[in-house]
Structure formats: structure tokens, C-alpha cells
> 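Below is one structure. I have some questions about it.
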Amino acid sequence: MPSLLGNVFKGWSDYSKGIEQGGNQKYEHMFSMSIDLDKCTGCNACSTACYAENNLAWVGEYKFASRQSMHWMRIERYFDEPDVGSSDPESLDRGASFLPMMCQQCNAAPCEPVCPVAATYHTVDALNAQVYNRCIGSRYCANNCPFRVRYFNFYDNAPTAWPAPMDQGLNPDLSVRSKGVMEKCTFCIQRIRGANETAKREGRELKDGDIVTACQQTCPTSAIVFGDLLDKTSEISKIWKRQQVKLGTYKQEKENKDLRGYRIFEELNIEPKVLYLERVREV
Amino acid sequence: MSENHQHLTNEQVKDIDENIAWAKINNDVLNSMKNPRKGYWVALVLSALLFGVMIYAEVYQYRNGMGETLLNTSHMWDLYISSFVFWIGMSHSGTLLSAILHLVHADWRKPIYRFAEAMTTFSLLTAGLFPVIHLGRVWNFYWVMPYMSDRGIWPNFRSPLIWDAFAITSYLTSSVLFLYIGMIPDLAICRDNTTGWRKTLYTFLSLGWRGDDRQWRHFRFTYLMIACFLIPLAVSVHSIVSMDFAMAIMPGWHVTTFPPYFVAGALYSGCAAIITLFVLLRYFFKFEEYMTMPILDKVCKLTFVIAMVWTYLNLIEFSAVWYGHDIPSKEVLIAKATGPYSIFFWGMMFFGSVLPFSLLSKAVRRNMKIMFFISIFLNVGMFLERWMIVTPTLSMGYHPQGFNVMWPGWVEWAMVGGSFGWFGLLFLVFVKVFPCVSMYEVKEMVYHRKRTTYADVDEMMELHSGVPGPEAQTQQSGGA
Amino acid sequence: MSKTKIDRRNFLKVLGLGSAGAALAGCDMPSYVTSDEGKENIYSYLAPEEYVIPGIGVWYASTCQQCPASCGVHGRVREGRVLKLEGNPDASVNKGKICQMGQAAIQGHFHPERIENPLINGQKATWDEALALVAKKSGGAAWLTGAMSGHQRVLIDAHRTAGGNARHYAVEVVNARPWEDASLATLGDANPNLHIDKARAVLAVGADFLGTWGNPVKSMRDYGNFRSAPRGVLMSIEPAMSMTGANSDIWVTARPGSEAAVLMGVGHILTTKHGVSVADMPSAALAFADMTPTKVLGLSDVKEEQLAKIADTLMANSPSLILANANHDTAKVAQVLNMMLGNVGQTLTPSAAITAEALLPVTGSSKDLVEFAMDAKAGKISSVFISGTNPVFLAPSKLDMAGALAKVGFKVAIADFHDETTTACDVVLPASSALEAWGTHVPVDGSDAGEVYIQQPLMENVHANTRGLGDILLAVAKGAGVDGLAEFEDYYGYLRTAVSALIGSDLEGDWNSILQKGKAVTAVNHSNFNAGGDVALGFSEPAAKAGTLTLITSARQGLFDGRHANLPWLQEAPDQISKAVWDSWAEIHPKTAAKIGAKDGDYITITSANGSITTRVFIYKGIHQDAISVPMGRGHTNYGLYAKNGVNPLSLLDASSGDRQTTELLNSGVSVTVKPTGDNRHLVRLMDVDSQHGRKLAATITADQFDRNQGGA
Amino acid sequence: MPADRPQRKTFPWIRAFIGTAVVGALIVVGAQIFEQQLHPVKPGGTPPPRVPNADFPTDTFDGKDVTQPINYSHKLHAGDLGINCLYCHTYARRSKVAGIPPTAKCMGCHTVVGTEKPEIQKLTAMWSKGQSPAWKKVNDVPDFVHFSHERHLQRFLLNNKDMNIKDSPDVCAMCHGDMNTVGVAKKMKPLTMGFCVTCHEKNKGPADCTRCHK
């Protein structure tokens, strides 16, 4: 057996270098997402699409009440600061702001170094991958995630979530997670791999628009854009450029202060790869 | 003996009465290992029951899933990890007494270090349970250990959990070694004074100890070596445990002072536990002559000092957070003090930092009953401390959506209680199978005290107790 | 995922066994560790076509039937099973997008509680028995359905005309009837095309176009463009915050029932302050002049500066668009304002219905529900077919729908799930799910492209003994001796012929391209507005006086009117506003809460003249102090395992809440009294915080900053 | 009181040694048994493979015999008649699953060939009734493993320098062993992760977990 010891110290750390090391130079792709909060109506379509695409188990009222739910993509609803909702103490005078929150696929992800068995690690296409069958459920990663977007299979959800014949509707492209395993948004990795296969089959390079995540596909207002940051011509990299948001820093210096792009918790130096565009307010 | 001690009896001033006959030491200790009384069996059964509850809880959790612990998406860790840290902390007492005090030649440790050392080992065995039972897929726990397989995959050496695994295993090994080596001369004594299966056991364990000079020379050297080796290990183990938190980025965990803070807390809880067991053993085994008031007095003073160190580090942490710029951390701190967990937080502060001041009074220090309860409360405080490290952070964190309060379910409490049962079980078996007071070192101690009191020791000994001098004694019964 | 285009019928032949053993890729419940041989079975296809490849998903076009909007969808079929729905880019109403209800269609399709066999008086029966019985006893039957269009409607009409022309009641509680009537009255066009994307400002008055009004997906798609630079301004006037309100830049809360007054107040300011001319509409001018801001304040608690702000925004951003569905009066005012502001012709254009009138949609109304109950009570209905609606659940308890149905001699339910209505029926015919059946649908809203959407099966029946709605209708019609149907052995055959006739070609190639695109394009006749002329504007004082509580039964995307309450995905999808899951709640204003002495999670009993419901309160400021809002959809009594929880606010409604002109049961208007029961249980929500605690999560910038950069992205 | 003089004890070397030896022996034997469970190899080993790569990358594996609804012989079809694997398992070229040939393909020949054989008649009966036989999965991997036949075939058919591959059967043999020698299909390679990883490392396959585990 060649190189049993080959990857003792390499592999896990290659693709998750922090900013101090100047980031990683070896990525093949760098998949990223941008969400325009001004277009997001909070309609839940993306969230439900995620349930359908990624075999997410519904857990029922009791487990939801104990916060053991499994929604990879959740739509949070906030009323505006500071006066929570309006200048008028009597009532709101403008709408809420909705925030679709899913795994931010950080380039310096805090969840990766702490996993004892390297079940979560950074792939060559800059994805924050989660290997279900390697996970032993120490749940350290979830503790270390500032976004609280890692969901743990506290129970064996499959029998209750997919009573026959519902299991016939499971997506065979990715596995159903068992009890005691951590899971999270994967940027629809099965679609990414599928698009790769198709591209290989047709003997061409992956091009912008080949990969469409389930949430992006269904978003009725097209608030979600997904693509490869290394491909300079792709829509997503244009958006990052236009918003003057840079990777590899935890403090954005924009010459144009009016631009809307920002990354949540980037000051923690974890390099989130989801770019949010601020909601616009008439005042 | 200074003047202010004049009005006190020997029993109260002297660490140990130098006139104890050595054979008496042997007999007392050996008797403590024989024919257990009713109380012993009751204690044994109780611990067994507690442990049984733990087993049941584990099976229940295994079949129904981790969710039964009421952990949730924000609180992925709770009492399991707290108890883990708590038991690791307990384990530091033995090392402190046996190794550190051994090196600084504080010979008052001699009558009490043996059970402290045993406590170290057993609390490590207990602590080791928790990282395993808290796993979602417990049947894969061995994946954290690096082992060769044709899959060629390895654990993630950057993860503090891996460091834990290494630290704890090596600490366990060396402390078992330390306990065993230190016991060899006593085992020889037991071998010479027992029959039946015990004799077989001790014969095997005492490795043919004859107590001649050469063996003693090697013994002393080895013992010293392991002691030196053990101290940095003890410090490092709890530093590494603290890194489970310090290496995370969560507010309230990401604290630079955690390693010393944890070590101090560990020694603290360890000393408290020693006092508890001290009182119990002294009471049950009639060890008044060996576990004397002055020794307890010294242990209490030690405890007080450590308590103050711990308090100091605590305050350092608070002030660092308070004057720092990290808003979430500050929020967590405020939530600790005012939030739903505040009662436990203040309980920890009271038991950990206020209660120790009672140790300043000699009357308290020398009152067995009071000391027993005080020591228990100190450890309660320490347990709360661990809980207050783990849970409030998770109930706040960075993202408001994750803010929530979580109370552990019965499964977790059963596991925690059960862990005490398991510890008690081990310890109870130990005291009946192995000498929980080091006979040969007590003899040394007595001998040295005689030296300080009388001019010509050997004659005096002939005079007083009619037993031959130390060397002869050594030849006879394998003691010092 | 390559969207392979293939011939539909061969695929069906292939599937003869495809779905019987569909474990080709091991998509059964996973065996986590076993890799033992001989554990699982593999079935092979019998005689697949070349394009049927196990392990590769193929996309087929169909039409979504989760709500009346009829969006075009693509279904991903693999190993003979449909796994995922996505919007059909060729469908001009939704252009490749669908909402959460559409996404959840899969779950309804594979639902374990589907009806699997025909039932006669609750007893299992064969199709022949059931159809024979139906043919025998259903002479001159009336039809009670949801919104209905396409050839299913044609068959129903054929059946009715053959049998003495009984009435077709189309029931939709969530509807646009006030808007339609007002548009008809003012513009002479019930469904003018809306161009939200072209508008610079949109004012929504009780018309939740982002949630449930019209075709929400189309509206949201336009809203996406509406929000990109130059950015339009969204305003809403409503008593309780809807999804549209939650996305508004200016949100004004008005006392329930007073929306018309507020709009007229806006008109007042437009005419007085901005000098917009209403010369050609004297009575409207009178109404505006009469509705002074002080009067508006008295009627609706809307302050003058709020009116002014709205009026200014409307003036500053032209063209604008004013949508109103609160009631007939409001909608009329809205249309008048649209005319005044010159939106007609720009953001409101004449609809262009397809020439085949027989296919045009029958939009539902709750008026039909009331009238059905009346007629049934009066014994005017001998027998009835019920399909695609659940009258017993939807009807206010005052109507006593169960009693009314009892008066009907013979009741046939065509349903795929057991619900409150099917149990009251003599015969239950098990319908296939929408993903298993053939059909055609004509969207109500806005496609002047003359599109007829084709609904085609995406897989074999999950339960072998169910039949598509079309097939059932065909069989029933045949049974009733409708002539001209004898030659068709199944609905597919009928549809094929009918559609060929529609497009004037029965070439295989044309048919295939129709199936690939999921739509048939046919001729439209372009109409014109006959606007102009005077419009009399009225304002009817709401029944509820100021200071008394008015119940609002708000509809939300998700459970909709309750038809999706049995889908766990939608039960667990947090409500857009309150973020509550799995149970009902009552939204009230903090002041109201203080008045009745309730805090978050308290159970309160809401009592109207027609009964009472008990649920938990959710306290926030997005609702008027005189309003209490209970979203509809929950509170089923017999809709399966997953729909047990919650309460049904519809049961409290009655005619007093009716709209004077359209006699619609509006979703607001019943005055209620509220009192806490003393119990309290934490309302299960996605998140218990409304504030961001100073974190930069959902950040905001001002519109001028946005405009300075043309939106940046 | 004078303590009685004990006779000197010496360390029981003999017993200690024997004990250790026994324990060690147990461990070794246990390991052997475990290994047997992992890779049962028929005593005497399997016959030398005719197809190249049949013993690559690891030794052969002797799976248990599976009784199939129809006693189909790979030896006859692939071995003696020399039918190419991809003639029946045609999906392997285009999809992640190789699939079982549709019954129509069997009937293509067996309407005329071998109609007198009982097994064929069994098949014909099913075909006429419109059922397909319930085959048992033989080369089965856990459901969290996503293996693509298409990718592997492409890789080794198009890019196989000095790999001793002439035709697709040589590629199939890498994971399925020498099917020409068995009757009813049986598992002839361990198909464990180690098996996959070994080959991946040898042939520079992707080392990324999420290529196979999704």
C-alpha cells in the first residue's frame, strides 16, 4: 500500500490557510454566493427547495421547539435597529429585513481545524466540505461556528421524516444522514459534481452558469447569484469586484462608501465567501 | 514547637507521634484492608447503583439519539464536557501531593499521598468516559487515535480534541506507573503478612521486593524520576484541556489566561477532594495517628493559597474582558452575571472565592465535620465553574439567532451522578485491596521525627518500644 | 442536469415497470455500513428507450397545481420517479421560478396519506362500482370546485349542460375578486395586466402580491426587477403586516375596513396639494374633496403626514401602480387613482385572453361558497361533485356547511387526500396527484402570450388504483352520456385531440414540442380599456367601531388557505413574519396586549358572534391596535397526521364581514372579543429575537446612497 | 512483638513469562481471525486470472455465492462466447450506474437462442408477463459512496499508457475481477475504501473525500 503515511500532516491544512499565510494559491475553483437583501422577500422558497434537493429531514414541533431542526438555509427576520422597526413608538413605519443564512463556506473556517477526525475540511474548489461518514459527532465544529449553521442529527430522523412512500422522493445523488452526524449547507455539492461530470463528458471546462444551486434556481426575485470567483468573467466575481469587497482581509477599505456589499462577521478573520448586499431604505 | 502551641496536646501539634511502633503501623494499615464493616458494603452498593444508572442512561441515549440530552443547535456541548473538565481537575491533587511535595521534601505529605495518588488515577479513568459518551457516533470513538489502515486517513492533528486524547492517555499511564512504583515496598509488606489470593496477587505485584540496599537505591531513583516527569505532564494536561476552549473563537472561550486558570482550578478541586477523603478515611479506618490534625491543617492552608490564585486568575479574566473591545465577550460576561445562569455563576463565585476565607480560622481548619462539608462545597463550586465556562458562551455566542437557554435533561444528570458512582466504586475497591496509607514512608517520617526529638535514636527506640532499630527493621519486614 | 427533450408517450410505455422497482441507484433507505452482497434487489427496465438511463435525471415539463396561479414547472425524473420540481423557463408567467408551495408538491405527491382506492360510503370499492353508482345517481349534478380552467373545465361544462345545467360553484377564499370587479367597473377589464417591473412606485392596499394575491411568483419576479436600479418604492396600507408590507419602504397601518378612506385621503392630497386633475370624474372629485385628512385620521388613525408622504412618493415616482384588494370600494378608488396618475396604459395594460373562451379560467370566490351553502340548505341541489376544494373547512361555522351538505342527496368527492369534506361524501374517487395526471391550464394573470399550459404526468401512479382528474371527469361525463366522448379511451387521447384542434395541427412533432415546452400557444384577442366616464366612489363605515377588535384572517404563502397543512415541509417552514412553526398564533399590538393583559405565549380565546377559537398571542408592532390577525390554514379536524394542530379563523367569519358590492367574505371585518385563558406556552419560533444585537447581519443603506451608485449590483 | 521471618520471595519469572506468551498468542490469533473476516481468501487461492488487471490493485476477494432468480452464467456469455461487458451493461458508459441489462436485450437473442433451456424459459415467462427479475445486488457499496462507472471507464479507456488495457473488459476487471471464470456473478474484489484508495493513489485519482462521499 503506497504512502500510508503520505497524508498524515498534509491534506487537511492545504486549502484552509489563514490570511496570515496570504491565503491559499492552489484552488481550482472558488465557489461563492451573493445575496441581494433588497430583493429578498423572505418567501421561504429557497429554504423549501433546499429541503427537497438535499434530503433534509423535517423534525416536527417538539424537536423544533428544542431547536433540533435541520434547516440548512434559514430565513431570519429582523426589524431595523436601533428603534426596532420604526421611529414611531406606536407602530412600524417600514418593513422588516430578511436574512437568508446558510453555511458561509469560510476560507479560513473555524470549524475545520477543530474537527478531531478531519470530517470537515477545505476542498480544492474552496468548499467547506462535510464528510458524513467520517464524522464521529464530537460537535466541536458547530460550537466553533459563529453563524450557528451546522446542524446535528440528534435523532435518527429518516423513519419519521420519510415514511413510505415518501422515501421514494429522496435525492439519490447524496446520502441520507444517519444519527449522530453533523451536516450543513454544501453549496449543493452534488450539483457541482454533476456539472463537473457533464463538463467532462462534453470534454470542456466548467463555465459560468453550469452550476445552479437549488436556492438560486428557485429564488423568485433572483436575489441569489452563485459562481466561481477564480473565473474573472463570471457574474459572481463581477459582483465582488463591483462591490469592492476583497478576500484575504478582515477589514474592507472601499473608496466608495455607498457600495452595498459586505460579509457577515468578516472581522473575525474567517473569510466568509457569501457576499450580502445591504437592504435599501427610503428615509 | 513554638510557645503558642504549648497548651496543645501532642496530637494537635505534631504531624505524627514519633513513638508509634513500626509493627503497629503495619498492623493498622493491614487491618484497614481486612474484614470490611457494614458501612463499607452499603457504600459499595450505593456506588454500584449510581453507576448502574449511568449505564442505563448511556444505553437509552445510544438507542434514542443524543437528542435525549436536550442539547440543541446552539448548545452542542453541555454537562458532559463540564464533567470531563471537572474530573480531569480532580486528578491533579495526587500529582500535587505525591510529586510536587515529594520534590520539595514536605514530609507531612507521606501519610496521605497514597490515596491522593489513587484518586488521581481513578478520576482520570472517570474523566476518560465523558469524551467518549458525548460522541454522536460513540462506536467510532477510536477514530481519534492515529492508527495505520489501508484507507490511509489520519486524525486531524490540529484539533485540541486530539491533543486531549494524547495528553490524557499519557497522563493516565504515568500516574498509574507512579502509583504502582510507589506502592512496591508496601506490597512487599502485604505479601509477607497475607495468605491466599492476596498473597498471590501481592507476590506478583511486588516484583520480588526484598528491600535490600540496591533495590532501595533503584527504587528511590525511579520514583524521583517519575515524579519529575509527572509534574510538567500534570501542568500540560490541564493546559491542553483548557485549549478545547481557548483555541475556539467563541466569546467567553477565546481567553488567553485559560491554561493557568484551569490548572489552578484543577489543583483547587483536587485539594478539596483530598480533604474530603482525608476526613472519611480518618473516620472510617481510625487513622487518627497517621492522618493527624496538623496535616489537615497544612492541606487546608495549601487549599486556601490555591483558592486565592484561582480567584486572582478569575478576576484577571473578567477585567480583561471588561476593559477589552470584544463586545460579544462582554455580553457573555454580563449574561453570566445577570442572565438565567446567574445563580450558578454567583454560586461558583461564593463557593470558589468567598468560602475559602473560612479556612483562615484555625478552629475551622481543625474541625473535621465542618471541613468535610466545606470541602464538598468547594468542589461544588468547582463543578459550577466548569459548567459556567461551557454553557453561557453557547447560549450567547455571536449570532443572535442562536441565543437560547438550555437546561440539561435527565440523561445528562444521570451520567454526571453515575460518574461519581464509578469513581466511588474504584476507590472503595482500592482501599480494600491496596494499602491506602504508605507504610514505609510513615515509618520514614516517624524515624526522622525521632531524629529531631532524641539524640541517639536507635537506643531510644530499643528503650521505648523494644523493637530493633531501623536497619534491622528494614531487613525484617521490608519496611523502611 | 441536461434537460433532455423526448417523446412523452413512449416514455409512459417504458415506465410500465420503471417505477415498480425503482431501486436502481440504491435510493432506498440507506444501509449505512453494509456493503454485503445479496442484500438489496435491483430491477431492470423491461424495454427502455435509449434516453432512459438509470442514474441520469431527465427533466419533463408540466404545470404546478399547488395554487390557482398555474405556474409551469420542470420535474426531474430519475429511475422513473420525480425527485424535484423547478420552474419552467418557457412559461411566461413564472419564467423558471416557483414558490415554496410548488417546491413542496413533491412531498404531497409521495405523501403516505393519499387516498388509494375508490370509496362508497367509506367502504373500499372498485372503480366500476363507484362510476356505475355515480352515473346512476348524479343526474343534474352541480359542481363545487376550486379555480378551474383548461379542458377540465370544458368537460365539467359538458357534463353540466348534458345534465340540466346545474351550477358550477368555484370556491377560492384567497382571491382577487374585489380587484377584478372594480377593474371591470372602472376599466371594463377584470384582469388587466400588471407591470410591477415597469412601475417606479407601487402602493399595495390589502393586495399581498408578494404573498398570495394574483400570481405571487410572477409578481415576485417583477418585483426583483422593480428593485434593481432605478429602484422603485414599495408602499403598503394595511391593518396587519403582510409579506408585501414586510418588504415595504413605507408601511402605513390603518384601522381594518378603512382602507378606502385612506386611499381617498391620498386622492385628496393629490388633488389639493399636487393639483392632479379629476375634472373628468366629478363624483370622484367630490369624494376626494370630502375626505379631508382630519376625517381620514378619525376613520383610520392615519396621520396627514403619512398621507402626504405617500402622495409625494406617488408624484415623485411615475409611473406608479396602485393595487388594492381590501374591498370593492378600495379597489375602485385605487383604479381611479391609477387613472388620475396616468398609470393606465403604462403599468396597467389591457388583458389579452385566448380566443378559446371555453378554456378560460373560472376564478374562484368565497361568494360561491356562501351561495352553495344557501342553495344546498334550500334543497336546490340534488347531487354535487366536489373537487379541488374543501368547503367544510373553509366555510364559516355560521354557514353550517356540514348540515348544508347533508341536505344534498348525493355527493361525490374527487380528491387525493381525506379531508373534512370527503368524509361527508357518499362516493370518494381517488385522484392522482398533479404530478401523475394530464391536463391543461390557462393562467389568470398576465400572459398575453396566449399560452395554454400542459400538465403531463411526471411518473407512473404511486398508488396504482388512482386516476388523473381528467380521466375521472372523462369517465363521469361518459357515464352521464355526454356525446362525442365515446371515441376517447382515456383523457390523454381526448387532450391530444383537443390541443391539436387548439393549435390547428396534429403533427407528432408539434405535439412533442408542446410537451417539451410545457405550453401550447394559441391565438389571443386583444381588448382595450373602455375607461373614462365618471366613477362613483363610496366608503362604507366598517362594522367594528374604533377601540373594538377586528379579526383579520390573513393568508400566507405556505399553508395558503389550508390546502397545504398536511405537508410537513410547509408546516416547518417558519411563517414569514412571526417565524412561528407548526401551530397557529394571533398577532396583536403591544398596546392591545397590555389592554387585555396578555404577554407573549399566552393563550387567548377569540370570540365572535359565530363561535370562538383559542390560540397563542404573538405581540409585535406590525399590526393596528384595533386588529387581531390569525393566519388561516391550520385547525383542520380531519386532514391527516400532520395537520392536527392550530385553529381555523375562517370559522369565525360571517356575512357581516362581507363586502357590500361583491358580497365577498373578506379576510377582515368580523369584530371579536378577546380574553386570556391564563395558560402560557412558549410559541415555537425559528428565532426569539427581533433585534440584531448590534451585529452587522442584515445591514441597510439609504436610497440616495443606492441611487448614487445605480445600485452597485 | 517479633515479626515472623518470611522466606525470601523471588519474582515468578516463569509464570510471568507464560502469562505474557498466552496473552500474546491470543492477540495474534485474534488478529488473524479478524483479517480473515476482512479478506476471506479461499484456501489454495483463486485460479490465475485470464483477463489482465484482474488481480489489480489488490488481491482477489472470494465473495459468497448469491442465488439469483435466473441462473445466469457470466462464464458462458463473457468468457466462452466473448461478449463484451458493455454490450449488456451498456449504461456503464454513460451513467454512474452500470445497471442491469433490460429484459428486452436478453430477449433479443433468446427468442431464438437456447429457448429449450429451463432458465431461458423462466425468463421468457417473466417477459411475457411483463415482469423483470428481482436480481440481487452483488457488487454493493454503502449508500454514502457515490461511484461513477462512466468516469472510471473514460479514465482508463482513454488514458491507459503502459497499463496493459486493450478493451473495456480489462478495465471492468480492475474492480470486478475476472468475471469470465464465474457462473452467477459474485463479488471478486473487496471493494473496501482501502481498495479504492490504493488504486487512486497509484493512478493519481482525486484524493478529495467529497468526490465519492456526498
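Chain A is the first sequence line, chain B the second, and so forth, proteins listed ahead of strands; every chain is numbered from 1.
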> With C:Lys644, which residues qualify under side chain to side chain contact (heavy atoms under 4.5 Å, CB included), at least two apart?
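Partners of C:Lys644 under the side chain to side chain contact (heavy atoms under 4.5 Å, CB included) test: C:Leu641.
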> Using non-hydrogen atoms only, which part of C:Ser578 is less than 4.5 Å away from chain A: side chain, backbone, both, or neither?
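Interface part for C:Ser578: backbone (N, CA, C, O).
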> Does A:Glu61 reach the main-chain N or O of C:Val581 with its side chain, forming a donor-acceptor pair under 3.5 Å?
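No, because the side chain of A:Glu61 does not come within donor-acceptor range (under 3.5 Å) of the backbone of C:Val581.
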> Among the options C:Arg114, C:His109, C:Arg556, C:Met241, pick out the one with the most heavy-atom pairs lying under 4.5 Å from chain A.
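Greatest number of close heavy-atom pairs with chain A: C:Met241.
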> With a 4.5 angstrom heavy-atom cut-off, could you sort out which part of A:Tyr276 is near chain C: side chain, backbone, both or neither?
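Interface part for A:Tyr276: neither.
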> C:Asp688 versus chain A, heavy atoms under 4.5 Å apart: side chain, backbone, both or neither?
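C:Asp688 touches chain A through backbone and side-chain heavy atoms alike.
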> Count the heavy atoms belonging to other residues, nucleotides or ligands that lie under 6.0 Å from NZ of A:Lys254, then report whether that count exceeds 12.
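Count over threshold, so yes.
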> Rounded to the nearest 0.5 Å, how far apart are CZ of A:Phe147 and CG of C:Leu697?
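Reported value, rounded in 0.5 Å steps: 9.0 Å.
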> Using 0.5 Å steps for rounding, measure from the OH atom of A:Tyr78 to the OG atom of C:Ser691.
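Output value for this atom pair is 8.5 Å.
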> Please classify the contact of A:Lys257 with chain C as side chain, backbone, both or neither, using a heavy-atom distance under 4.5 Å.
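For A:Lys257, backbone heavy atoms alone lie under 4.5 Å from chain C.
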> Out of curiosity, C:Met687 CE to A:Arg67 CZ, how far, rounded to the nearest 0.5 Å?
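Output value for this atom pair is 8.5 Å.
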> If you take all heavy atoms of C:Gly622 and A:Leu92, which pair is closest and at what distance?
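Closest heavy-atom pair between C:Gly622 and A:Leu92: CA-CD1, 3.5 Å.
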> Taking 4.0 angstrom as the limit, do C:Arg227 and A:Asp36 come out as a salt bridge?
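Salt bridge absent between C:Arg227 and A:Asp36.
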> Give me the atom names and distance for the closest heavy-atom approach of A:Leu37 to C:Ala699.
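Between these two residues, the closest heavy atoms are CD1-N, 4.5 Å.
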> With side chain to side chain donor-acceptor pair (under 3.5 Å) as the rule and sequence neighbours excluded, what pairs involving residues 214-224 of chain A come up?
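Pairs touching residues 214-224 of chain A that pass the test: A:Thr218-C:Gln103.
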> Does any backbone or side-chain atom of A:Cys40 lie under 4.5 Å from a heavy atom of chain C? Answer side chain, backbone, both or neither.
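Backbone only.
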> Judged by atom type as modelled, is there a donor-acceptor pair below 3.5 Å linking the side chain of C:Lys84 to the main-chain atoms of A:Ala49?
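A pair under 3.5 Å: no.
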> Kindly indicate whether the side chain of A:Glu266, heavy atoms from C-beta on, has any atom under 4.5 Å from the side chain of C:Lys696.
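Counting from C-beta outward, A:Glu266 and C:Lys696 never come under 4.5 Å.
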> Show, in sequence, the C-alpha distance, side-chain angles and deciding distance for A:Asn171 and C:Arg76, and conclude whether the side-chain contact (heavy atoms from CB on, under 4.5 Å) test is met.
CA-CA 10 Å; A:Asn171 183 354; C:Arg76 177 177 172 229; 3.5 Å; yes
> Roughly how far, to the nearest 0.5 Å, is CZ of A:Arg281 from OG1 of C:Thr702?
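Nearest 0.5 Å value for the OG1-CZ distance: 12.0 Å.
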> Hey, which of C:Met101, C:Met220, C:Gln100 is the one that makes side chain to side chain contact (heavy atoms under 4.5 Å, CB included) with A:Cys43?
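Passing option: C:Met220.
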> Are C:Val462 and A:Gln168 side-chain neighbours, meaning at least one heavy-atom pair lies under 4.5 Å?
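The answer is no; the side chains never approach within 4.5 Å.
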> Pick whichever of A:Thr48, A:Asp258, A:Leu56 has the most heavy-atom pairs under 4.5 Å with chain C.
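The residue among A:Thr48, A:Asp258, A:Leu56 with the greatest pair count is A:Asp258.
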> At a heavy-atom distance under 4.5 Å, which candidate from C:Tyr620, C:Trp569, C:Phe226 has the highest pair count against chain A?
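Ranked by contacts with chain A, first place is C:Trp569.
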> C:Ser236, C:Ala246, C:Ala573: which one forms the most heavy-atom pairs within less than 4.5 Å of chain A?
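Looking at each option in turn, the highest pair count goes to C:Ala246.
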> Between C:Lys579, C:Met235, C:Gln557, C:Lys95, which has the largest tally of heavy atom pairs under 4.5 Å with chain A?
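That would be C:Lys579.
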> Kindly compute the distance separating CD (A:Glu282) from CG (C:Asp704), expressed to the nearest 0.5 Å.
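If we round to the nearest 0.5 Å, A:Glu282:CD and C:Asp704:CG are 8.0 Å apart.
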> Would C:Gln705 and A:Asn256 count as a side-chain contact (heavy atoms from CB on, under 4.5 Å) here? Give the steps.
CA-CA 10 Å; C:Gln705 281 177 305; A:Asn256 183 346; over 6 Å; no
> Roughly how far, to the nearest 0.5 Å, is CZ of A:Phe79 from CD of C:Gln692?
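Separation between the atoms: 11.5 Å.
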> Quick one: what part of A:Ala223 sits under 4.5 Å from any heavy atom of chain C, side chain, backbone, both or neither?
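No part of A:Ala223 comes within 4.5 Å of chain C.
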> Work out which heavy atom in A:Ala45 is nearest to a heavy atom in C:Ile98; give both atom names and the distance.
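Nearest heavy atoms, A:Ala45 then C:Ile98: CB-O, 3.9 Å.
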> Given a strict heavy-atom distance threshold of 4.5 Å, which part of A:Val212 is in contact with chain C: side chain, backbone, both, or neither?
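It is neither, since no heavy atom gets under 4.5 Å.
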> What closest approach, in Å, do A:Val280 and C:Asp249 show between heavy atoms, and which atom pair accounts for it?
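Heavy atoms of A:Val280 and C:Asp249 come nearest at O-OD1, 3.8 Å.
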> Distance-only, no hydrogens or angles: does the A:Asn44 side chain make a donor-acceptor pair with backbone N or O of C:Pro574 under 3.5 Å?
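Yes, A:Asn44 side chain to C:Pro574 backbone: donor-acceptor pair under 3.5 Å.
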> Specify the closest pair of heavy atoms between A:Pro172 and C:Leu83, including all atoms of both residues, with the distance to one decimal.
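Minimum heavy-atom contact is CD-CD1, 3.5 Å.
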> Quick one: closest heavy-atom pair of C:Tyr223 and A:Asp38, and the distance?
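Closest heavy-atom pair between C:Tyr223 and A:Asp38: OH-O, 3.8 Å.
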> Quick one: which of A:Cys46, A:Gly42, A:Ala52 has the most heavy-atom pairs under 4.5 Å with chain C, could you say?
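Highest number of heavy-atom pairs under 4.5 Å: A:Ala52.
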> Taking only Lys NZ, Arg NE, NH1 and NH2, and the carboxylate oxygens of Asp or Glu, determine whether C:Arg695 and A:Glu76 approach each other closer than 4.0 Å.
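The answer is no: the pair does not qualify as a salt bridge.
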> Tell me, for C:Tyr642 versus chain A, whether the close heavy atoms (under 4.5 Å) come from the side chain, the backbone, both or neither.
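Interface part for C:Tyr642: side chain.
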> Any salt bridge between C:Glu572 and A:Lys63, counting N to O under 4.0 Å?
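Here C:Glu572 does not pair with A:Lys63 in a salt bridge, since their nearest N and O are not under 4.0 Å apart.
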> Going through the checks in order, is the side-chain contact (heavy atoms from CB on, under 4.5 Å) test met by C:Gln107 and A:Met166?
CA-CA 7 Å; C:Gln107 204 175 26; A:Met166 256 187 209; 3.6 Å; yes
> Where do A:Asp167 and C:Phe110 land on the side-chain contact (heavy atoms from CB on, under 4.5 Å) test, with the steps shown first?
CA-CA 8 Å; A:Asp167 54 348; C:Phe110 287 112; over 6 Å; no
> Taking 4.0 angstrom as the limit, do C:Lys309 and A:Asp93 come out as a salt bridge?
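No.
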